[in-house]
Amino acid sequence: MWTREGLDQPRRSLITMTIMVALRQPHEFGLHMNFALDHGMPLREIEEALIQMLPYVGFPAISSVMPVATKIVAERGLDKKTDYAGHRGLL
């Protein structure tokens with residue numbers, strides 16, 4: 001399914017990330033967050049997706065993946081980039 005036409009790799013990872021948040025699977029979320037970043041998805045889009053999910057899956061589901069997301073941001077040095085402004089405190 002990952003090689004089908006119609007969606008690019010970052011979007012497929014974003015969809016999978018949303019499912020992993022809803023299922024409260026932080027490890028799998030992290031894998032797909034890394035895949036999305038590897039394929040060029042901006043961190044800001046991932047953050048916006050998390051914000052969009054808040055009213056639908058709830059804060060506990062979002063908070064279950066935040067330690068993983070924060071670790072990925074730090075490991076990749078994305079928090080050191082000049083355009084990184086704490087992303088409104090979410091990531």
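The structure displayed is predicted, hence computed values, not measured ones.
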Could you walk me through whether Met33 and Val73 pass the side-chain contact (heavy atoms from CB on, under 4.5 Å) test, one step at a time?
CA-CA 10 Å; Met33 181 175 171; Val73 168; 4.1 Å; yes

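Note that the OG atom of Ser63 and the CG atom of Leu50 stand 11.0 Å from one another [nearest 0.5 Å]. Atom CD in Glu45 sits 5.0 Å away from atom CZ in Arg11 (nearest 0.5 Å). To the nearest 0.5 Å, atoms CD1 (Ile19) and CG (Leu14) are separated by 10.0 Å. Met17 CE to Gln25 CD: the interatomic distance, rounded to the nearest 0.5 Å, is 15.0 Å. Here CZ of Phe59 is found 8.0 Å from CE of Met66. Values are rounded to the nearest 0.5 Å. Taken from CD1 in Ile62 to OH in Tyr56, the straight-line distance is 12.5 Å, to the nearest 0.5 Å.
Gln9 and Trp2 make their closest contact through NE2-O, 2.5 Å (heavy atoms, listed as atom of the first residue, atom of the second, distance). Pairing each heavy atom of Asp79 with each of Ala74, the nearest pair is OD1-CA, 3.8 Å. Between Glu5 and Arg12, the shortest heavy-atom contact is O-NH2, 3.6 Å.
Val65 has its side chain out of reach of Met20: every pair of non-hydrogen atoms, C-beta onward, lies at least 4.5 Å apart. Side chains of Ile72 and Val68 form a contact here, defined as non-hydrogen atoms less than 4.5 Å apart.
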Would you mind writing out the side-chain donor-acceptor pairs for residues 35-42 within the sub-3.5 Å range, not counting sequence neighbours?
from: Asp38; atom 1: OD1; to: Arg76; atom 2: NH1; distance (Å): 3.4
from: Asp38; atom 1: OD1; to: Arg76; atom 2: NH2; distance (Å): 2.4
from: His39; atom 1: ND1; to: Phe35; atom 2: O; distance (Å): 2.8

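In this structure, the side chain to side chain contact (heavy atoms under 4.5 Å, CB included) partners of Arg24, at least two apart in sequence or on a different chain, are Pro60, Ala61, Ser64.
Connection of Leu43 to Leu31 is not established within any shared hydrophobic cluster, with ILVMFWY side chains joined at heavy-atom distances below 4.5 Å, either directly or through further cluster members.
Within the 3.5 Å criterion, the main-chain N or O of Ile15 finds a donor-acceptor partner in the side chain of Thr18.
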